[in-house]
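Step one of this worksheet: look at the structure below.
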Amino acid sequence: MPEKIRLIIDTDPGQDDAAAILMAHGLAKRGLIEFLALTVVAGNVGLHHTANNARIICDWAGEKDFPVYAGATQPLVRKLVTAEEVHGKNGLDGAELHDPVCPLQPVHAVPYLIDTLRKADDSSITICPIGPLTNIAQAITLAPDITRAIKKIVMMGGNYFEAGNITPAAEFNFYVDPHAAQIVMQSGVPIAVLPLDVTHKATITTARMDALRQLGNINGNRLAGILQSYERYDTQKFGLEGGPLHDPCAVAYAVFPEFFNGKDCHVEIETQSELSMGSSVVDWWGTTGKPVNAHWVTEVNANKLFHELAESIKQLP
């Protein structure tokens, strides 16, 4: 049996973040991952809301003692830009919220990451950032030695073949903190990037939402409701058959990379030009001769992805 993946998710919940976190809890219950912690960053909404939402989602999963660490309140250099028009003022439109039982850990997310990775064996922990990369960049900058313990960083962010979703040139996570994204890209850690190029091929169709509702548990119905609220924005904006399920693509890739296809490339993130701030410069054809630093994913078997999402949500209350 393959070694169980030890996973930390860095997140800014966010409706599709909720789907990714619930999926990860289900994957843990299926014995496919060891889910170590959630580190939380400001992004889709401010840190107060993202930290609150992460704890609520753990409550939903029946994991009321799960370790949740709050991190950066602001990007490294720029002012915070949020996405309340997509996710709602509290970040989880379409869901009934409560005061979380799951506690917030007293340690900041960045020291937690540094301490955990320093104690870990070489190449033993997979980090899955599905929000702006501020926490991860800070940890790597403050403690470059921790990179030896990172097996892979599997991130949702960026765009190359698809237009941006926050500006014409940029995807939201990279745009919010482009300097952090560039630091992580230059870290030398093995990286897989799940950009809009692939997430726009994993859409929330009516049939897929119905399959969640038919699971017969609270979380299947809850997630279908959240995704129905979320998908309206993207179907109207991008003309897709359903809203793209961005963040669960990254969690799925960490466990089922065989569902995806892409190409090893050199990738850099624009940090200077306001016109193209946060855009991904992907050397798809190797024209610069610069060394490969990321696996850029462009294809997904969406049916298999949604099957595994449903199988994981089925494990929850």
* To do: Please check if any side-chain donor atom of Asp17 sits under 3.5 Å from a side-chain acceptor atom of Asn44, or the reverse.
  => yes

* **Thr134 and Asp177: side chain donor to acceptor below 3.5 Å** => yes

* So, Arg118 and Asp115, do they make that salt bridge, N to O below 4.0 Å? -> no

* Are the side chain of Ser276 and the backbone of Ser279 linked by a donor-acceptor contact shorter than 3.5 Å? -> no

* Structure fact -> Minimal heavy-atom distance between Ala72 and Asn135, with the atoms involved, is N-OD1, 2.9 Å

* Structure fact -> Looking only at heavy atoms, the pair that brings Val68 and Cys102 closest together is CG2-SG, 4.0 Å

* Taking the side chain as every heavy atom from C-beta outward, state whether Trp296 and Val198 have any pair of such atoms under 4.5 Å apart. => no

* Asked: Is Leu142 linked to Ile150 within one hydrophobic cluster, defined over Ile, Leu, Val, Met, Phe, Trp and Tyr using a side-chain heavy-atom separation of less than 4.5 Å?
  -> yes

* Asked: Between the main-chain N or O of Pro100 and the side-chain N or O of Asn52, is there a donor-acceptor pair closer than 3.5 Å?
  -> no

* **Short side-chain donor-acceptor distance under 3.5 Å, Glu268 and His266** => yes

* Do Leu117 and Ile125 come within less than 4.5 Å of each other through their side chains, counting heavy atoms only? -> yes

* To do: Just say parallel, tilted or perpendicular for the rings of Phe161 and Trp284, cut-offs at 30° and 60°.
  => perpendicular

* Asked: Can any side-chain N or O of Glu270 pair as donor or acceptor with the backbone N or O of Gln272 at less than 3.5 Å?
  -> yes

* Do Trp60 and Cys58 touch side chain to side chain, with heavy atoms closer than 4.5 Å? -> no

* Asked: Looking only at heavy atoms, which two atoms of Phe172 and Asn165 are closest? And how far apart?
  -> N-OD1, 2.9 Å

* Asked: What is the distance from atom CG of Asn303 to atom CD of Glu308, rounded to the nearest 0.5 Å?
  -> 12.0 Å

* Are the side chains of Val193 and Met185 in touch, meaning some heavy atoms are under 4.5 Å apart? -> yes

* To do: Identify the two heavy atoms, one from Ala54 and one from Val40, that lie closest to each other, and give their separation to 0.1 Å.
  => CB-CG2, 3.8 Å

* Which atom pair, heavy atoms only, marks the closest approach of Asp65 to Pro103? -> CA-CD, 4.4 Å

* Using atom types as modelled and distance alone, determine if a side-chain donor or acceptor of Asn261 lies under 3.5 Å from a backbone N or O of Thr298. => no

* State, without any angle test, whether Ser312 and Arg30 hold a side-chain donor-acceptor pair at a distance under 3.5 Å. => yes

* Are side-chain heavy atoms of Pro13 and Ile21 found at a separation under 4.5 Å? -> yes

* **Ile33-Phe259 co-clustered via ILVMFWY side chain contacts under 4.5 Å** => yes

* **Minimum side-chain heavy-atom gap Ile5-Val255 below 4.5 Å** => yes

* Taking NZ, NE, NH1 and NH2 as the nitrogens, is one of them in Asp59 or Lys64 under 4.0 Å from a carboxylate oxygen of the other? -> no

* To do: To the nearest 0.5 Å, tell me how far Cys128 SG sits from Ile9 CD1.
  => 5.5 Å

* Using modelled atom types only, decide if a donor and an acceptor are shared between the side chain of Asn219 and the backbone of Ile313 within a distance under 3.5 Å. => no

* Asked: Would you say the side chain of Ile269 lies within less than 4.5 Å of the side chain of Ser280, judging by non-hydrogen atoms?
  -> yes

* Asked: Any donor-acceptor pair under 3.5 Å linking the side chain of Thr203 with the backbone of Thr205?
  -> no

* Asked: Between CG of Leu47 and CG of Leu80, what distance do you get to the nearest 0.5 Å?
  -> 9.5 Å

* To do: Kindly work out whether a path of hydrophobic side-chain contacts (I/L/V/M/F/W/Y, heavy atoms less than 4.5 Å apart) joins Leu38 to Val251.
  => yes

* Which of parallel (below 30°), tilted (30 to 60°) and perpendicular (above 60°) describes His246 and His200? -> tilted

* Hphob cluster co-occupancy, Leu92 + Met209, side-chain heavy atoms under 4.5 angstrom -> yes

* Mark yes or no for whether Asn159, through its side chain, and Glu171, through its backbone, hold a donor-acceptor pair below 3.5 Å. => yes

* Asked: How far apart are the closest heavy atoms of Pro132 and Val41, and which atoms are they?
  -> O-CG1, 3.7 Å

* Asked: Can you hop from Tyr253 to Phe306 via hydrophobic side chains spaced under 4.5 Å?
  -> yes

* Using atom types as modelled and distance alone, determine if a side-chain donor or acceptor of Asp283 lies under 3.5 Å from a backbone N or O of Gly286. => yes

* Asked: Taking side chain as C-beta onward, heavy atoms only, is Gln105 less than 4.5 Å from Tyr112?
  -> no

* Under 4.0 Å between a Lys/Arg side-chain N and an Asp/Glu carboxylate O for Lys4 and Glu34? -> no

* To do: Compute both the distance and the angle, then confirm whether Arg78 meets the cation-pi test with Tyr175: under 6.0 Å from the six-membered ring centre, within 45 degrees of the axis.
  => yes

* Asked: Do the side-chain N and O atoms of His25 and Glu63 include a donor-acceptor pair separated by under 3.5 angstrom?
  -> no

* Structure fact -> CG of Leu215 to CD of Gln315, rounded to nearest 0.5 Å, is 10.0 Å

* Asked: Hey, mind stepping through Asp12 and Thr50 against side chain to side chain donor-acceptor pair (under 3.5 Å) and telling me if it holds?
  -> CA-CA 5 Å; Asp12 61 337; Thr50 58; over 6 Å; no

* Asked: Out of curiosity, His307 NE2 to Arg208 CZ, how far, rounded to the nearest 0.5 Å?
  -> 13.0 Å

* Asked: If you measure only the distance, is there a donor-acceptor pair under 3.5 Å linking the side chains of Thr206 and Asp210?
  -> no

* Do Asp264 and His295 meet the criterion of a side-chain donor-acceptor pair at a distance under 3.5 Å? -> yes

